[in-house]
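Taking it in order: structure first as structure tokens, then the write-up.
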Amino acid sequence: MTVTTPELPTQYAPADVETQSYERWVSEGYFTADVGSERESYSIVLPPPNVTGVLHIGHALDHSIQDALTRRARMRGFETLWLPGMDHAGIATQNVVERELAKQGLSRHDLGREAFVDRVWQWKEESGGRILSQMTKLGDGVDWSRERFTMDEGLSRAVQTIFKRLFDDGLIYRAERIINWCPRCLTALSDIEVDHSDDEGELISIRYGDGDASIVVATTRAETMLGDTAVAVHPDDQRYSHLVGTTVELPFTGRMIPIVADEHVDPAFGTGAVKVTPAHDPNDFEIGRRHGLPSLTVMDERGVITAHGPFQGLDRFEARPAVVAALRAEGRIVAEKRPYIHAVGHCSRCKTVVEPRLSLQWFVNVQPLAKAAGDAVRDGRTRIHPPELAKRYFDWVDDMHDWCISRQLWWGHRIPVWYGPEGEVVCVGPDEEAPPGYVQDADVLDTWFSSGLWPFSTLGWPDRTPELERFYPTTVLVTGYDILFFWVARMMMFGLYAMDGTPPFQTVALHGIVRDQFGKKMSKSSGNVVDPLDWISRYGADATRFTLLRGASPGSDVAISEDWVAGARNFCNKIWNATRFALMNGATTAADLPAPADLTVADRWVLSRLQAVVAAVNAGYDDYEFAKISDQLYHFAWDEVCDWYVELAKIQISAGGEVADRTRLVLGHVFDALLRLLHPIVPFVTEELWRALTGGPSVMTAPWPEPAHAYADQPAENEIAALQELVTEVRRFRSDQGLKPGQRVAARLRFGGTALAAHEVAIRSLLRLDDPTASFTATARLAVGEEAVVELDTAGAIDVAAERRRLEKDLTAARKESAQAAGKLGNEQFMSKAPDDVVAKVRARAAQADADIARLEAQLAALPAS
RNA sequence: GGGCGCUUAGCUCAGCGGUAGAGCACUCGCCUUACAAGCGAGGGGUCACUGGUUCGAACCCAGUAGCGCCCACCA
């Protein structure tokens with residue numbers, strides 16, 4: 001047999017192989033989807049990272065999952081498309097660039113709209129480049145030829161197209177409403193861009209009016225009283241029924257405002273009377289609408305009081321205490337302020353307290369779209385995984401408010417609506433022009449509006465491109481549960497709407513967020529943020545990926561630490577060295593695997609285990625259980641192949657002849673399969689090793705292993721298990737007795753007719769046991785399982801007391817076990833109700849325990865006196 | 001205010017009705033000819049608490065306590 005032994009170093013050095021492999025993968029076109037192929041399609045669109053920053057460890061998890069799915073699908077013979085791209089991230093990006101300008105003492109207004117947008121584009125080129133480089137470092141097998149950006153030409157056309165269609169269908173409208181307004185970003189926000197937190201406020205009671213014509217209202221927002229246009233009480237509230245329909249005087253203003261009755265008021269809260277400020281509170285706006293009250297805006301877009309009088313020009317947070325102080329001076333504070341915890345909305349971008357503000361904005365009427373989005377999951381056209389999270393999705397889509405889509409920003413898709421000189425409103429489609437003299441709406445669209453089109457706009461929609469025909473709907477969407485509402489629901493709504501009722505994904509697979517080793521969320525302030533590039537450079541991309549995937553269960557958060565990634569690095573090194581061993585020993589895939597009948601028990605055992613692992617890994621992929629997949633492969637590779645099969649193979653190879661040749665085939669076959677199974681998770685090390693082992697061009701083009709049921713072999717598994725038990729027991733003795741691992745000991749083995757007899761050579765080799773000499777004197781007698789007995793000649797150097805303690809401890813355990821089992825077997829209820837296989841197991845356990853007792857008692861008796 | 005989830009070894013988590021598991025950490029012994037990023041052998045848990053169902057409960061049910069997440073226009 002000719003053996004090529006490539007020069008592999010004794011340690012795996014990721015940096016040496018990663019870049020090289022990746023470049024070859026790209027240049028060979030392995031990542032590029034072929035729309036014309038006959039294969040079945042498998043497609044994933046990458047959740048586009050925001051151009052604002054760099055990829056964090058959470059992206060690394062998200063990408064690792066998608067890469068593993070794509071690589072496996074490709075090996076299984078699918079035509080795979082993993083489509084990459086980035087999101088322009090309107091408000092986030094604009095903020096970043098504005099901050100940069102601020103360093104030079106400039107604002108966007110100094111540049112003007114056009115120059116500012118140019119500046120953002122410039123910045124995007126730099127930032128986007130960093131992200132792409134990170135993706136190559138991670139090993140992301142994306143189709144670079146189809147990379148997209150939410151602001152590129154095709155996608156802008158998609159945005160205009162769907163806007164126009166929704167507009168024409170009456171699903172987009174413009175209205176004056178109370179919306180969430182960020183007084184710092186100076187733009188409207190949608191509901192989900194507002195984070196609520198429980199903040200401490202003060203509830204104070206204020207007397208409006210005087211004498212009989214007075215009423216006490218409770219509020220946390222005294223400063224808005226300048227805009228009050230009514231006081232509301234509950235219609236059934238006896239305390240105030242005589243006042244309904246009358247008016248009171250609003251302090252400071254001299255205005256007389258009506259007292260109205262409205263169901264919304266909770267008589268049990270505060271004083272049971274509410275001040276109504278329609279222009280600055282969403283509830284009050286509704287009350288105002290029901291009662292025909294005027295809306296009086298008393299604050300500008302920056303939160304500064306505009307109402308004439310002593311408070312004009314004060315910021316909203318200065319105005320509050322000022323108003324309260326003035327009220328106190330007039331003796332209008334009835335009950336002193338008391339602390340009150342209530343939910344306050346904050347801008348999710350800059351944390352500024354959101355101001356409800358009455359303004360003219362564009363909205364999507366989500367009712368029909370959200371209904372369809374819910375139904376697609378309800379009827380199983382799209383499956384959400386894990387299913388528990390579907391409930392959250394339903395809660396959201398089934399109770400969704402209209403979506404405010406206009407943003408008072410400059411970076412984004414400009415709203416394609418133009419206004420004529422007479423106030424005409426025209427929505428302009430992608431291939432149309434606005435009439436002369438018309439002016440375009442100054443606002444841009446919410447970022448999520450364009451991200452919502454991602455699964456089809458990236459494939460060429462609105463054109464019926466071959467890509468769209470072939471890869472829509474996508475096979476699976478992989479993303480964090482944290483953007484289920486932000487993004488997934490939007491894509492579902494738009495996908496169903498644009499693609500005639502076909503949802504954008506067959507499955508939505510949700511993962512969690514990455515946390516540190518104590519389960520803490522990563523944040524700059526906690527100092528526990530992990531930079532994926534840092535780990536990749538120090539431990540390798542494979543180790544980083546393996547660490548993340550090993551913790552990834554559907555919908556669950558992933559905890560990681562540097563110790564663990566070091567462990568993953570060690571695993572990669574283990575695979576490296578084990579394969580190196582196989583290569584050095586002439587492992588080959590050049591011929592077919594021999595039939596089970598022609599193989600040794602050890603060969604049959606490892607092949608039986610291999611096919612079981614293949615099946616388990618496949619089952620894991622079906623459920624997106626990456627933690628289970630990784631664990632299966634880790635333990636099979638390390639605990640079974642490396643710790644046992646490789647050791648047994650050494651013995652078989654040293655025997656020479658046909659056994660050795662067959663062992664080389666089994667080794668070759670096992671490592672070939674193992675590397676293929678591991679490839680989607682740890683692509684780099686497996687590629688390097690697989691090419692060395694098989695001489696093939698790339699493991700990426702090798703077929704995915706399927707279980708070889710013909711090699712399932714329970715008897716072989718049982719036999720090797722018995723061998724492992726015996727070897728472990730003798731090793732335990734040697735370790736307890738302080739016998740050095742290398743020290744050879746004369747021994748006599750008796751197997752009492754068990755199958756283990758066939759393994760005597762292996763057992764002696766693994767345990768460093770010599771044949772008995774003429775002067776052999778047994779100083780320790782170990783009995784193991786079945787009827788095997790190992791007698792050792794340690795030249796009397798054994799610690800009898802230690803061995804006695806050991807045996808007595810085991811004996812106690814065996815007696816307890818026996819008693820327990822006997823108790824069950826003597827229990828009538830158990831015997832009549834428990835299923836047969838359970839009873840059989842207990843019987844076996846009892847027999848085992850009794851045999852152990854007899855054996856241990858004999859061993860104790862055989863111990864020499866100390 | 002609604003909804004969901006969690007509580008198992010020092011840490012992070014599997015297990016989800018029939019003898020308590022993994023990784024990392026820890027202890028002891030080893031440079032045993034693939035690997036010291038390694039090898040071998042160990043220690044460590046009344047599975048949050050209280051009841052219930054069951055022949056049998058970490059696992060099912062109810063309640064209690066603590067923790068976490070999501071949603072939310074009660075001033």
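Both backbone and side-chain heavy atoms feed into the values below; hydrogens, waters and symmetry mates do not. Quick note on labels: first sequence line is chain A, next is B, and so on, each numbered from 1. All of these numbers come straight from a predicted model, not from anything done at the bench.
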Report, one pair per line, the protein and nucleotides 43-45 of chain B atoms (nitrogen or oxygen only) whose separation is under 3.5 Å.
residue: B/G43; atom: OP1; partner: A/K809; partner atom: NZ; Å: 3.0

Which residues pass the ring-ring contact (aromatic ring centres under 6.0 Å, His included) test with [X], not counting sequence neighbours?
X      : answer
A/Y634 : A/F571, A/W638
A/H385 : A/Y624
A/F636 : none
A/F671 : none

- Task: List in chain and number order the residues that pass salt bridge (charged side-chain N to carboxylate O under 4.0 Å, His left out) with A/D770, two or more places apart in sequence or in another chain; answer none if no residue qualifies.
- Result: A/R744
- Item | salt bridge (charged side-chain N to carboxylate O under 4.0 Å, His left out) contacts in which one or both residues fall within residues 564-575 of chain A, not counting sequence neighbours |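 Found none.
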- Query: Quick one: salt bridge (charged side-chain N to carboxylate O under 4.0 Å, His left out) pairs with a partner in residues 220-233 of chain A, sequence neighbours left out?
  - Reply: A/R221-A/E223, A/R221-A/E355, A/E223-A/R320, A/D228-A/K275
- Task: Starting at the 5' end of nucleotides 19-30 of chain B, put B wherever the base has a protein heavy atom under 4.0 Å, S where only the sugar-phosphate does, and a dash everywhere else.
- Result: B--SBS----SS
- Query: What dot-bracket string describes RNA chain B from 5' to 3', counting Watson-Crick and G-U wobble pairs whose defining distances are under 3.5 Å, with [ ] for crossing pairs and | for pairs to another strand?
  - Reply: ((((((((.[[[[.)..(..]]]].(((((.......))))).....[[[[[..)....]]]]])))))))....
- Query: Which residues, if any, of residues 828-836 of chain A bring a heavy atom under 4.0 Å of RNA chain B?
  - Reply: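 Those residues are A/Q829, A/F830, A/K833, A/A834, A/P835.
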Cut-off 3.5 Å, no hydrogens considered: what does the side-chain donor-acceptor table look like for residues 820-832 of chain A, sequence neighbours left out?
residue: A/N827; atom: OD1; partner: A/Q829; partner atom: N; Å: 2.8
residue: A/N827; atom: OD1; partner: A/F830; partner atom: N; Å: 3.1
residue: A/S832; atom: OG; partner: A/E828; partner atom: O; Å: 3.0
residue: A/S832; atom: OG; partner: A/Q829; partner atom: O; Å: 3.1

